[in-house]
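No experiment lies behind these values; they were computed from the predicted model shown.
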Protein chains: 2
Amino acid sequence: MRDDRFCASNCSFTRAIGTIGNKWKPIIINVIGTRTVRFGQLDSIIPLISRKVLAEQLKELEEDGLLERLAYKELPPRVEYKLSEKGLAFLPILESIKEWNGKYEVAPMPGETDKKSRVTCAG
Amino acid sequence: MRDDRFCASNCSFTRAIGTIGNKWKPIIINVIGTRTVRFGQLDSIIPLISRKVLAEQLKELEEDGLLERLAYKELPPRVEYKLSEKGLAFLPILESIKEWNGKYEVAPMPGETDKKSRVTCAG
DNA sequence: TATTCTGGTTACCATTGGGTAACTACAAAT
DNA sequence: ATTTGTAGTTACCCAATGGTAACCAGAATA
């Protein structure tokens, strides 16, 4: 998922894209926002992502220092995710993407077809 | 490459990510910048991208209104790509990603290993 | 006693992504 | 007459992605 050729680039920008340039990570970061969110919450807030992929993405985001994972030694387990300083500093960028998209998007709203097959950010 | 489930979301942000949330598109947009660039130039400036994938990405970017394609009726063919207004408006976002990464990136520079296997933005 | 609850992980399998090489058209140059 | 150059496209094939279902621990609840 994370492309090592990107992360090993001598270009800082390319490395950044290697870190956050995929479709799930911006969504996850946006959903977490300034909150503290549990794994199960993320799994249900973001439909169409499987637990497997969600776990992968969270692990990578943690490795890249974008979020913090707090595991409570309880049973049943409880794990909370929140953005690190680096992750929080990324939020304004997501906001400017929203603005940009709102300003220039061509097709405004899709027709009411198959709701099940759509992704929601539900942020 | 472009995920239809994202593009059909009722969430504007998710749709935006469906459009530009992959690894090649930000790179391509960054490389083009304010210039006018030919297909072959892109192909040689961006190593490790194949012509096939490059052509795909360019087509999608054009469909999404991020760039304009100017084909001259010559032989051998000449095609020039430049960012549209929407594409140009995306450049500041890429700049803020660069800033953000410069500020928070953990591993600063990779060792001198296999240069061939790296991606360069060469912007 | 059996079920539930949570945050994963693992094995298995189908789908997809993406690379490579060959091919196109035609003009100009060798 | 053959090669070169451009911007792709197509067929083919292998590797990687990602989904599904099963499984785990161990306490609390019914």
Item checked: Residue closer to the 5' end of DNA chain C, A:P76 versus A:A55 (nearest nucleotide) -> A:P76
Notebook entry, point to check: Whole-Å distance between C:dG8 P and A:Q41 CD?
Noted result: 13 Å
Check: Under 3.5 Å, is there an N or O donor on one side and an acceptor on the other linking the side chain of B:R38 and the base of D:dA7?
Finding: no
Notebook entry, point to check: What about A:R51, does its side chain sit under 3.5 Å from the base of C:dG7 through a donor-acceptor pair?
Noted result: yes
Next item on the list: State whether B:R69 places a side-chain N or O below 4.0 Å from either non-bridging phosphate oxygen (OP1 or OP2) of D:dG8.
Entry: yes
Next item on the list: Would you kindly compare A:S50 and B:V79 by the position of their nearest DNA chain D nucleotide and give the one closer to the 5′ end?
Entry: B:V79
Notebook entry, point to check: Rounding to a whole Å, what distance do you find between A:E80:CD and C:dG7:P?
Noted result: 9 Å
Margin query: Whether the side chain of A:D64 engages the backbone of A:L66 through a donor-acceptor N/O pair (distance < 3.5 Å, no angle test) should be reported.
Written below: no
Item checked: More than 12 heavy atoms of other groups within 6.0 Å of A:E63 CD -> yes
Check: Distance from A:N30 atom CG to A:I93 atom CD1, nearest 0.5 Å?
Finding: 13.0 Å
Checklist line | Rounded interatomic separation in angstrom, taking CG from B:L75 and P from D:dG5 | finding: 15 Å
Check: In whole angstrom, what separates A:L54's CG from D:dG19's C1'?
Finding: 14 Å
Notebook entry, point to check: Rounded to whole angstroms, how far apart are NZ on A:K23 and P on D:dT17?
Noted result: 12 Å
Notebook entry, point to check: Can you tell which of C:dG7, D:dG8, D:dC12 lies closest to the side chain of B:K52?
Noted result: D:dC12
Next item on the list: Round to a whole Å and report the spacing from NZ of B:K25 to P of C:dG17.
Entry: 12 Å
Next item on the list: Return the nearest nucleotide to the side chain of A:V53; candidates are D:dG19, D:dA7, C:dG19.
Entry: D:dG19
Notebook entry, point to check: If you measure from the Lys or Arg side-chain nitrogens to the Asp or Glu carboxylate oxygens, is any gap between B:E95 and B:K98 under 4.0 Å?
Noted result: yes
Next item on the list: Quick one: label A:K59 by what it contacts on the DNA or RNA (base, sugar-phosphate, nothing), any heavy atom closer than 4.0 Å.
Entry: sugar-phosphate
Margin query: Rounded to whole Å, please give me the gap between CG in A:L48 and P in D:dG18.
Written below: 13 Å
Check: Relative to the ring of B:Y81, is the ring of B:F39 parallel (under 30°), tilted (30 to 60°) or perpendicular (over 60°)?
Finding: tilted
Next item on the list: Take atom OH of B:Y72 and atom P of C:dC26, then tell me their distance rounded to the nearest Å.
Entry: 22 Å
